[in-house]
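Heads up, the thing below is written out as structure tokens.
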Amino acid sequence: MSLRDICQDALKEIGGFNVPSTFVGNSDLTAVHMLACANASGKMLEKGDRWTELITEGSISTTSGTATYAKPSDFRAFANMSMWDRTNQWRMTGPVPSLVWQWLKSGISVASVNNRWFMVRGTYITIFPTPTTTGDTIYYDYFSKNWLTVQSTGLTAARWVADLDTALLDEDLMTADVKWRFLQAKGMPFEPEYRIW
């Protein structure tokens with residue numbers, strides 16, 4: 001379902017407001033409020049749960065002597081136990097907490113040569129032990145922050161770009177969410193719609 005469908009359905013169900021034919025780039029106050037509510041809805045729903053619709057595959061190709069690699073820009077969280085070194089056919093352990101990471105780095109333990117660990121700090125994934133070969137392929141699943149598909153490019157995004165962009169999350173849930181947010185923004189009673197949502 002497109003942004004236009006979600007917003008128009010919400011307005012028709014609410015009643016009493018004009019129903020714009022466009023929303024992105026429209027200066028009509030109803031369109032502006034609906035677009036803001038639709039963006040807030042997608043953002044909050046994406047953060048509120050780990051949606052299988054948002055699982056994406058990421059990869060790392062190792063470089064000898066390099067331990068730190070950038071996460072994808074749309075990275076929200078790892079899918080559990082999905083990090084695999086496909087070259088060596090090992091499941092990697094992690095993301096490990098700081099306590100374990102510092103223990104590994106301290107040299108107190110002898111790391112198995114048949115295992116790799118990883119930690120996340122900021123926008124980076126760090127691998128231990130530091131790779132000694134170039135070209136090992138590591139794949140993992142992660143939950144993306146991008147909750148819609150941009151119609152013109154087929155790429156995913158975290159904000160509506162055009163009226164025909166489509167949500168990856170449940171459209172009925174988004175429509176219900178947009179309804180209560182819109183009513184609240186207008187200073188109107190929204191509690192029944194909020195309970196339904």
Side-chain angles (χ1 to χ4, degrees), residues 36-150 153-161 165 167-171 173-174 176-177 180-181 184 194-195 197:
C37 291
N39 276 316
S41 173
K43 185 177 178 181
M44 297 278 82
L45 288 172
E46 175 272 312
K47 284 183 176 181
D49 204 348
R50 297 292 178 245
W51 300 87
T52 57
E53 294 85 351
L54 303 183
I55 293 178
T56 305
E57 186 176 67
S59 66
I60 295 170
S61 181
T62 63
T63 302
S64 180
T66 302
T68 303
Y69 300 86
K71 290 188 305 189
S73 60
D74 65 330
F75 182 93
R76 170 66 64 205
F78 283 105
N80 281 344
M81 298 174 47
S82 68
M83 180 85 78
W84 283 87
D85 178 339
R86 289 189 187 171
T87 301
N88 299 298
Q89 299 179 345
W90 300 329
R91 187 181 75 77
M92 294 178 62
T93 304
V96 296
S98 293
L99 172 73
V100 173
W101 189 254
Q102 291 304 325
W103 173 70
L104 289 166
K105 299 288 283 185
S106 72
I108 294 171
S109 69
V110 177
S112 166
V113 295
N114 293 329
N115 197 5
R116 285 183 169 162
W117 290 262
F118 70 98
M119 179 181 200
V120 176
R121 280 197 179 146
T123 59
Y124 295 97
I125 299 168
T126 304
I127 298 171
F128 180 86
T130 299
T132 57
T133 59
T134 296
D136 284 356
T137 55
I138 299 168
Y139 284 86
Y140 56 92
D141 283 348
Y142 69 95
F143 293 94
S144 174
K145 295 179 194 176
N146 293 347
W147 46 269
L148 64 89
T149 301
V150 177
T153 64
L155 300 175
T156 59
R159 291 185 69 78
W160 299 105
V161 176
D165 294 348
L168 296 170
L169 305 178
D170 185 272
E171 298 94 352
L173 184 60
M174 290 194 78
D177 193 10
W180 79 260
R181 288 178 186 280
Q184 182 187 42
Y194 182 78
R195 281 194 295 277
W197 170 76

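All residue numbers refer to positions in the sequence shown, counting from 1. FYI, side chains are in, hydrogens and waters are out, and symmetry mates aren't considered; it's all heavy atoms of this structure.
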[Y] side chain reached by [X] side chain, heavy atoms, under 4.5 Å:
X: S73; Y: K145; answer: no
X: M174; Y: E171; answer: no
X: F118; Y: T126; answer: no
X: M119; Y: F128; answer: no
X: D136; Y: R116; answer: yes

(request) Classify the angle between the aromatic ring planes of W147 and W160 as parallel (below 30°), tilted (30 to 60°) or perpendicular (above 60°). (result) perpendicular
Kindly compute the distance separating [atom1] ([X]) from [atom2] ([Y]), expressed to the nearest 0.5 Å.
X: M92; Y: D85; atom1: CE; atom2: CG; value: 6.5 Å
X: T56; Y: F75; atom1: OG1; atom2: CZ; value: 10.5 Å
X: S59; Y: M83; atom1: OG; atom2: CE; value: 10.5 Å
X: F78; Y: N80; atom1: CZ; atom2: CG; value: 11.0 Å
X: W90; Y: I138; atom1: CH2; atom2: CD1; value: 9.5 Å
X: M81; Y: T93; atom1: CE; atom2: OG1; value: 9.0 Å

Quick check: does any side chain N or O of [X] sit under 3.5 Å from a backbone N or O of [Y], one acting as donor and the other as acceptor?
X: D49; Y: W51; value: no
X: S106; Y: W103; value: yes
X: S144; Y: L54; value: no
X: T87; Y: T137; value: yes
X: S82; Y: Y142; value: no
X: T134; Y: T63; value: no

Nearest atoms (heavy-atom pairs only) where [X] meets [Y]:
X: N115; Y: P129; answer: O-CD, 3.8 Å
X: L169; Y: G42; answer: CD1-O, 4.1 Å
X: K71; Y: I125; answer: CG-CG1, 3.5 Å
X: P131; Y: A67; answer: CD-CA, 4.1 Å

(message) side-chain contact (heavy atoms from CB on, under 4.5 Å) for Q184 and Y194? Distances and angles first, verdict last.
(response) CA-CA 10 Å; Q184 182 187 42; Y194 182 78; over 6 Å; no
(request) Give a yes/no verdict on a cation-pi contact between R76 and F143, requiring under 6.0 Å between NZ or CZ and the six-membered ring centre and an angle within 45° of the axis. (result) no
(message) Applying side-chain contact (heavy atoms from CB on, under 4.5 Å) to T62 and T66, what does each step give before you reach the verdict?
(response) CA-CA 7 Å; T62 63; T66 302; over 6 Å; no
(message) Surrounding OH of Y69 (heavy atoms of other residues, nucleotides or ligands, distance under 6.0 Å), is the total greater than 12?
(response) yes
